[in-house]
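A short worksheet on the structure shown next.
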Amino acid sequence: MVDSMPDPRHFVVFDFDHTLYRGDSGSHLFAWLIRRAWWRRLLALLIAPVALPMVAYLPTRRRGISAFVWAGTVGMQRDLDSVIDQYVASHADEIRRRLLPDAFKVLHMHRERGDLVIVATGAPPELARAILDFVAHDDLPVIGTELGPRFGGMMATRHCHHDMKMTMIRDAGFTAPIDVAYSDSTADLPLLLAARRPVVVNPKPGAVELFRRLLRPDTPILNWGCPGRGGD
């Protein structure tokens, strides 16, 4: 919780996946967790016919993701933070390759200018913080999906996604108007629409027209080094 909002030049929000990091960091983590044991892989295969369609549908996405999070963590003896640290350390080279230099140049520019910058991500915040350590942004405030114990494993209790992302930003004490928001995803339309200056980065090519239709006409749509993604 932020007790008192400083008076920065601007309040800036960055999404994480496909914005600062090429790919879906949470999916990479939980796929690794599932692959650790044959029985976890079998469990994920058994729940996939139900859980995958839930992930694809916005109202049930949190439950679908939670099912795979649970498959990767059920029976885990260590706390999740230490497992995340192990994952990041063992995948350091791959993670560095996935960081987007152009994105971090922009983020660094905002911080140098004195803007208040936060990251709001659908990934667990501990994972995003650990990855940000690679680029010396370990002090950057991160809001992300909250996980809690369920049925012997972990599941998402609040998914930092769509309208809930805005709710979680405000609940964390960041109540100032959002000056600039960066995201790749149509799921972040509530965030982009709330920003005085939305910036779309690395969108799926099929989403570009939707962004052009729903966001202000002068909205930049950029590509920060994601092959296969849209943007100039």
Side-chain angles (χ1 to χ4, degrees), residues 1 15-21 23-92 94-95 98 118-133 141-174 183-191:
M1 180 67 71
D15 184 28
F16 188 72
D17 294 332
H18 292 293
T19 302
L20 298 170
Y21 173 94
D24 187 324
S25 59
S27 293
H28 296 159
L29 167 66
F30 291 112
W32 173 77
L33 287 170
I34 288 168
R35 288 195 301 267
R36 291 179 305 160
W38 68 266
W39 61 269
R40 292 185 186 279
R41 295 193 293 269
L42 178 59
L43 191 57
L45 285 172
L46 289 172
I47 65 176
V50 174
L52 281 176
M54 294 174 75
V55 172
Y57 184 49
L58 183 60
T60 59
R61 186 164 295 167
R62 180 179 65 84
R63 293 186 179 90
I65 291 171
S66 287
F68 291 109
V69 173
W70 177 80
T73 58
V74 63
M76 195 166 63
Q77 299 301 311
R78 290 179 295 166
D79 69 274
L80 186 59
D81 285 2
S82 66
V83 174
I84 287 173
D85 289 342
Q86 179 190 349
Y87 164 76
V88 171
S90 63
H91 292 75
E94 179 185 348
I95 288 170
R98 288 183 174 275
I118 71 168
V119 170
T121 173
E126 298 82 6
L127 174 61
R129 288 190 190 103
I131 293 173
L132 287 166
D133 282 353
V142 178
I143 297 164
T145 293
E146 296 173 359
L147 305 176
R150 293 287 191 279
F151 309 113
M154 304 288 286
M155 299 182 81
T157 55
R158 287 214 299 178
H159 188 195
C160 189
H161 183 262
H162 204 252
D163 288 325
M164 181 56 71
K165 181 173 285 192
M166 287 298 301
T167 298
M168 293 177 73
I169 289 170
R170 299 314 188 193
D171 286 352
F174 297 99
S183 178
D184 72 295
S185 176
T186 55
D188 275 338
L189 276 168
L191 170 64

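Remember, predicted model here, so these are calculated numbers, not experimental data. The first residue of the sequence shown is numbered 1, and numbering continues consecutively from there.
Looking at L20 and T121, their side chains never come closer than 4.5 Å, going by heavy atoms from C-beta outward. Residues R150 and T157 form a side-chain contact, since some pair of their non-hydrogen atoms from C-beta on lies under 4.5 Å apart. Side-chain atoms of V74 and F151, non-hydrogen and from C-beta on, never get closer than 4.5 Å to each other. Side-chain contact check for I65 versus F30: every heavy-atom pair is 4.5 Å or farther apart.
Distance alone, capped at 3.5 Å, is enough to place a donor-acceptor pair between the D17 side chain and the S25 backbone. With hydrogens and angles disregarded, no donor-acceptor distance shorter than 3.5 Å links the side chain of T73 to the backbone of G153. Remark: the backbone N or O of M54 is paired with a side-chain donor or acceptor of T60 at under 3.5 angstrom. Judged purely by atom type and a 3.5 angstrom limit, R40 uses its side chain to pair as donor or acceptor with the backbone of G72.
The two residues I34 and A71 come nearest to each other via the heavy atoms CG1-C, 4.2 Å. Taking each heavy atom of F68 and A51 in turn, the nearest pair found is CE1-CB, 3.5 Å. The two atoms that bring A130 and I84 nearest to each other are CB-CG2, 4.4 Å, heavy atoms only. The nearest pair of heavy atoms linking S66 to A156 is OG-N, 3.0 Å. When all heavy atoms of G26 and P124 are compared, the closest pair comes out as CA-CD, 4.5 Å. Taking both residues in full, the closest heavy atoms of L45 and P49 are given as O-CD, 3.3 Å, listed atom of the first, atom of the second, then distance.
For R158, the salt bridge (Lys or Arg N to Asp or Glu O under 4.0 Å) partners two or more places apart in sequence, or in a different chain, are E146, D171.
Annotation: R63, atom CZ; neighbour count of heavy atoms from other residues, nucleotides and ligands within 6.0 Å does not exceed 12.
For the atom pair CG of D188 and NE2 of H161, the computed distance is 7.5 Å after rounding to the nearest 0.5 Å. The CZ atom of R129 sits 12.0 Å away from atom CG of D85, with the distance rounded to the nearest 0.5 Å. To the nearest 0.5 Å, atom OG1 of residue T167 and atom CD1 of residue I143 are 11.0 Å apart. Between L80 atom CG and L33 atom CG the span is 7.0 Å, to the nearest 0.5 Å. Taken from CD in E94 to NE2 in H28, the straight-line distance is 7.0 Å, to the nearest 0.5 Å. Remark: R36 CZ to R41 CZ distance equals 11.5 Å, nearest 0.5 Å.
Under the side-chain contact (heavy atoms from CB on, under 4.5 Å) test applied with I131, the options L29, I95, V142 reduce to a single match, I95.
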What's the verdict on side-chain contact (heavy atoms from CB on, under 4.5 Å) for T145 and H159, showing C-alpha distance, side-chain angles and the deciding distance?
CA-CA 5 Å; T145 293; H159 188 195; 3.1 Å; yes
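Between H91 and W32, the two ring planes are perpendicular [angle over 60°; tilted spans 30° to 60°].
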